[in-house]
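Just below is one structure, and these are the notes that go with it.
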Amino acid sequence: MKEKLEVNELRKGMFVCELDRPWLESPFLFQGFLVDTDNKVDELRQLCKYVYIDTEKGEDNLSKSPSPDSETSKIKPTHETDCVSQRPYLTNFEEEIKPAGKLREEASNYMAELFDDIRAGNSIDSDKTRKAVAGMVASILRNPDALMLLNNLRDNSEYAIAHSLNVCTLTLAFGRYLGFKPAELIEIGMGALLHDVGEIRVPKEIMSKKGLLSKEENLLMQTHTQHGVDILKHSNGIPDTVIEIARTHHERSNGQGYPSGLREDDIAYFARIVGIVDVYDSVTSNHNHRDSINSTEALKNMYNWRNEMFDAKLVEQFIQCLGIYPVGSIVELDNGEVGIVISVALDKRLQPKLMLVRDEFKKAYTPPRIINLALHSGDSQSGRYEINKVLEPGDYGIDLKNYLLREMSVELELVQ
Ligand SMILES: [Fe+2]
Ligand SMILES: [Fe+2]
């Protein structure tokens, strides 16, 4: 049960499910966490006037199992996990960004080749796909933030390639969060990379049409799932899971998806995951058929659609995985300084690591400054290092690509 609490009354062992910050307006409450240290109590006291706690989830209640008719118990995936990842980061962001840039470039080149091959009537070399994904899995396991940041680059590569790489990266980061083993990550990563491969056989005029599709065009677009299955089945060594992801990533819990109108449990667990990530990347990317929305809006909408369209629990876990300031967000601090989120620790979601790119007068920092809010938010009497709001991409002329190229030394070829 949700209860409002003055922050002074907050104690260790309580489960906070919502804060009073404007960007956390109900129902966007997925910063839920157990207050397990005095440090967290202090942080919340600095940040909020009041919080909402979930009295069912406090430490006294952790051993209770969900009631038989609870929302959670209705969903019985074949591969469900409650075990979110506590895997430590093995590299820091500054170390990982360069190898991640190289991996993204290699994967991008590979996808361009693969699309050409399929257009020429050849099948997919599953070993090469596996190899491309294995490199990304290794980077994501070391530190997911670098590849995740590269998802935000609006480069000039073909939309289909960028979308495949983005969905693969996000799926791997989410799989890492869910505690998947490396072999599972490779399999779901291959599925994510190839989920839309059938689009190659959809007429080009439809794929590149600006504006909304007609009913007939939409039906043609929907054939990409079956085309994908055909292409993958005619290639050697493609795991069944990968084919299943291509077939069912547009199925929805309420049976309104396509191609088969499957419902909830009939949709494979890995396909539900890729389905969620696919929608998130589609709505946050500029696309011929529509304009993008920012990540906060996307997550709010997906939360509202969680029961009808998705596996509700997975949507909640996805929001928890990305956090309130996903990597790549541009944020303004209380004192007016502006930074790009480059890293988010799971236990310090409200205090990410930033690359500060504008001072309080919005004048460029040259070079930018890296600051870890988790280490500095308590240092300033004026509350200088607290995030005030999320800005839109492009505000104050901030070009993420520019910063990555110049300041983080990512290879130029990556984002030409
Ligand atoms: Fe698709
Ligand atoms: Fe897609």
Side-chain angles (χ1 to χ4, degrees), residues 104 107-108 110-112 114-115 118 124 129 132-133 136 148 151-152 154-155 157-175 188-204 206-209 212-213 217-233 238 241-253 255-262 267-293 295 298-299 301-302 305 309-311 314-315 318 322:
R104 175 135 179 147
S108 177
Y110 169 63
M111 287 309 286
L114 181 138
F115 286 164
I118 297 170
I124 295 171
T129 313
V133 173
M136 293 172 74
M148 289 279 277
N151 271 8
N152 292 274
R154 301 288 179 236
D155 59 26
S157 59
E158 204 181 316
Y159 174 79
I161 293 177
H163 176 64
S164 304
L165 297 178
N166 289 358
V167 172
C168 183
T169 299
L170 276 160
T171 298
L172 293 179
F174 189 23
I188 196 172
M190 288 173 73
L193 196 65
L194 300 174
H195 76 283
D196 275 337
V197 77
E199 285 185 357
I200 282 180
R201 300 215 176 134
V202 175
K204 232 180 173 168
I206 293 178
M207 296 310 303
S208 56
K209 184 180 171 184
L212 290 175
L213 300 179
E217 289 168 335
N218 217 16
L219 286 174
L220 269 175
M221 165 74 98
Q222 292 183 2
T223 60
H224 79 274
T225 52
Q226 187 54 47
H227 287 311
V229 171
D230 295 342
I231 293 167
L232 294 168
K233 276 193 165 173
I238 301 286
T241 315
V242 175
I243 299 174
E244 195 58 20
I245 289 171
R247 189 204 314 274
T248 61
H249 67 276
H250 288 286
E251 299 289 356
R252 297 292 174 250
S253 283
Q256 304 284 310
Y258 65 87
S260 306
L262 299 179
I267 309 167
Y269 185 62
F270 277 8
R272 291 184 221 171
I273 290 176
V274 175
I276 289 170
V277 171
D278 180 38
V279 168
Y280 175 78
D281 187 66
S282 300
V283 300
T284 53
S285 303
N286 269 321
H287 193 265
N288 289 330
H289 310 309
R290 73 182 100 73
D291 289 334
S292 65
I293 57 175
S295 60
L299 294 178
N301 289 337
M302 291 175 70
W305 304 329
M309 291 180 64
F310 306 113
D311 176 331
L314 274 176
V315 170
F318 183 58
L322 288 189

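Values in this document were obtained by computation on a predicted structure and should not be read as measured data. As the structure lists them, so they are numbered: ligands from 1, and atoms in each ligand from 1. All values below were derived from every heavy atom in this structure, side-chain atoms included, with hydrogens, water molecules and symmetry-related copies excluded.
- Using a 30° and 60° split on the angle between ring planes, His224 and Tyr258 fall in the perpendicular class, above 60°.
- Looking only at its N/O/S atoms, Asp278 has OD1 as the one nearest to the Fe ion (ligand 2).
- Here the straight-line distance linking atom NZ of Lys209 with atom CE of Met207 works out to 13.0 Å at 0.5 Å rounding.
- Annotation: His195 is in aromatic contact with His163 [ring centroid separation under 6.0 Å].
- In summary, His249 places no N/O/S atom under 2.8 Å from the Fe ion (ligand 2), failing the contact criterion.
- A side-chain donor from one of Thr129 and Tyr110 sits under 3.5 Å from a side-chain acceptor of the other.
- Rounded to 10°, the angle formed at the Fe ion (ligand 2) by His163 NE2 and His195 NE2 is 90°.
- The Fe ion (ligand 1) has an N, O or S atom of Asp196 closer than 2.8 Å.
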